[in-house]
Amino acid sequence: MNVYVEDPARTGESRLSDGRLLGWAEWGPPDGVPVLCCPGAATSRRLGFGAGVVEALGVRLVSVDRPGLGVSTPAPGRTFSDFAGDIRQLGALRGLGRPAMVGNSQGAPFALACAAAGVISALAVVSGADEVAAPEFASALTADLRGLVERTARDPEGAEEFFAGFSAEAMWGMVMAGSPECDLAVYQDPDFAGAYRRALADGFAQGAAGYARDTVLAMGRWPFALDEITVPVDIWYGELDTSHSPDNGASLATRMPGAHYRVVPGIGGALLWTHAEPVLKSLLARAAADR
């Protein structure tokens, strides 16, 4: 029987310089190699990955609630740069140094912002939400997605209000409806489904404003230069993933010189949980080689 997730070993909140709290959860040995996790849309710090793997690899996995999600204090109007600053502070407060990071789904652009700001040492983008507002994707988007992208560009405040109407149940339904059978075998596993739904409930515990702000930022043009990222980057997509990138990350990889691009057969967006070991092994090797 596959075990995809397990409860955190440690949880807590760190107080930032402006008084806000940033929530975190940890797995693996407390003296292990720090790896931050920037989780997917509307999920809290409590949904980790790599059950059994982080311990075996000596990884201290730290997942972080973005502002307004989980227990992290809301920060209306926050930017990608603000989040990178939060991570810089968290690294100092938690003794993480300049850690490696994994960015999954909607967490990917926030992780890329951290890479662009130089606050992390290496990055794995896993099933990452792509920059769908990039001009080259205009003709590749579905009509519904293109409408949301155009709405976000035209009226970001109105789009944020629209996304604030989402709920944990709506997110669960959207993911289940848009996933191939190979992913549903993971998502509907009783243990994973329970953990995922609890993480969504946590993500919306303060309302939907945190998710809405994340979505407007992710769905707009990204204000950082991907070609100027100098830390090692791995880009991972499942062959059957149809929900995160119009071209499965192919063009995203070309925009970052030196990025390693991998497409894994037989899986879709559940890649982070089915292939945690190779993702982490490669990330650790890339970070060590860069040092």
Side-chain angles (χ1 to χ4, degrees), residues 11 13 20-25 36-49 63-84 86-87 101-114 125-133 144-145 147-153 155-179 187 193 195-223 243-245 269-270 272:
T11 61
E13 301 92 40
R20 288 182 298 117
L21 295 175
L22 207 63
W24 47 264
L36 285 174
C37 176
C38 205
T43 53
S44 76
R45 58 186 174 157
R46 290 184 175 274
L47 184 66
F49 69 96
S63 185
V64 182
D65 284 337
R66 290 186 291 279
L69 278 71
V71 296
S72 289
T73 307
R78 61 185 165 86
T79 66
F80 283 118
S81 179
D82 291 334
F83 180 73
D86 288 351
I87 294 301
M101 180 177 267
V102 175
N104 175 239
S105 188
Q106 196 173 77
F110 294 90
L112 286 164
C114 291
V125 171
V126 184
S127 309
D130 210 333
E131 189 179 10
V132 290
D144 287 346
L145 179 55
L148 290 173
V149 169
E150 292 172 351
R151 180 176 187 171
T152 300
D155 179 18
E157 290 184 3
E160 197 162 336
E161 290 180 7
F162 169 75
F163 292 124
F166 276 63
S167 66
E169 195 62 30
M171 286 296 299
W172 168 263
M174 185 169 65
V175 172
M176 295 305 107
S179 298
Y187 299 153
Y196 187 23
R197 298 195 76 148
R198 285 191 296 274
L200 285 172
D202 284 348
F204 283 99
Q206 302 183 71
Y211 162 72
R213 185 62 184 165
D214 277 1
T215 304
V216 165
L217 289 172
M219 201 165 280
R221 293 307 310 269
W222 298 348
S243 60
H244 290 108
S245 169
L272 181 64

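Basis for what follows: all heavy atoms, side chains included, without hydrogens, waters or symmetry-related copies.
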Nearest 0.5 Å please: distance from the [atom1] atom of [X] over to the [atom2] atom of [Y].
{"X": "Ser179", "Y": "Met174", "atom1": "OG", "atom2": "CE", "result": "10.0 Å"}
{"X": "Glu150", "Y": "Asp155", "atom1": "CD", "atom2": "CG", "result": "13.0 Å"}
{"X": "Gln206", "Y": "Thr73", "atom1": "CD", "atom2": "OG1", "result": "7.0 Å"}
{"X": "Ile87", "Y": "Asp82", "atom1": "CD1", "atom2": "CG", "result": "12.0 Å"}

How far apart are the closest heavy atoms of [X] and [Y], and which atoms are they?
{"X": "Ala111", "Y": "Gly103", "value": "CB-CA, 3.8 Å"}
{"X": "Ala129", "Y": "Pro109", "value": "O-CD, 3.9 Å"}
{"X": "Arg45", "Y": "Trp24", "value": "NH1-O, 3.0 Å"}
{"X": "Ser44", "Y": "Gly203", "value": "CB-N, 4.0 Å"}
{"X": "Arg66", "Y": "Ser72", "value": "O-CB, 3.5 Å"}
{"X": "Ser63", "Y": "Leu47", "value": "OG-O, 4.5 Å"}

Q. Taking the inter-plane angle between the rings of Phe163 and Tyr211 on a 0 to 90° scale, is it parallel (under 30°), tilted (30 to 60°) or perpendicular (over 60°)?
A. perpendicular
Q. Hey, what's the ring geometry for Tyr187 with Tyr196, parallel, tilted or perpendicular (30° and 60° as the breaks)?
A.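 Rings of Tyr187 and Tyr196: tilted, as their planes differ by 30° to 60°.
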Q) So, the side chain of Glu131 versus the backbone of Trp222: is there a donor-acceptor pair under 3.5 Å, distance only? A) yes
Q.
Quick check against the 3.5 Å criterion: does Asp202 have a side-chain atom that pairs as donor or acceptor with the backbone of Gly70?
A. no
Side-chain contact, heavy-atom cut-off 4.5 Å: [X] with [Y]?
{"X": "Val71", "Y": "Leu21", "answer": "no"}
{"X": "Leu200", "Y": "Thr43", "answer": "yes"}
{"X": "Met101", "Y": "Val125", "answer": "no"}
{"X": "Arg197", "Y": "Glu169", "answer": "yes"}
{"X": "Leu148", "Y": "Phe162", "answer": "yes"}

Q. Stepwise, does the side-chain contact (heavy atoms from CB on, under 4.5 Å) test hold for Met219 with Leu145?
A. CA-CA 10 Å; Met219 201 165 280; Leu145 179 55; 4.1 Å; yes
**Q.** Which residues share a ring-ring contact (aromatic ring centres under 6.0 Å, His included) with Phe49, sequence neighbours left out
**A.** none
Q: Could you go through the side-chain contact (heavy atoms from CB on, under 4.5 Å) check for Cys38 and Val64 one step at a time?
A: CA-CA 6 Å; Cys38 205; Val64 182; over 6 Å; no
Q: State whether Asp86 and Arg20 are salt-bridged, where the test is any N-O pair (Lys NZ or Arg NE/NH1/NH2 against Asp/Glu carboxylate O) under 4.0 Å.
A: yes
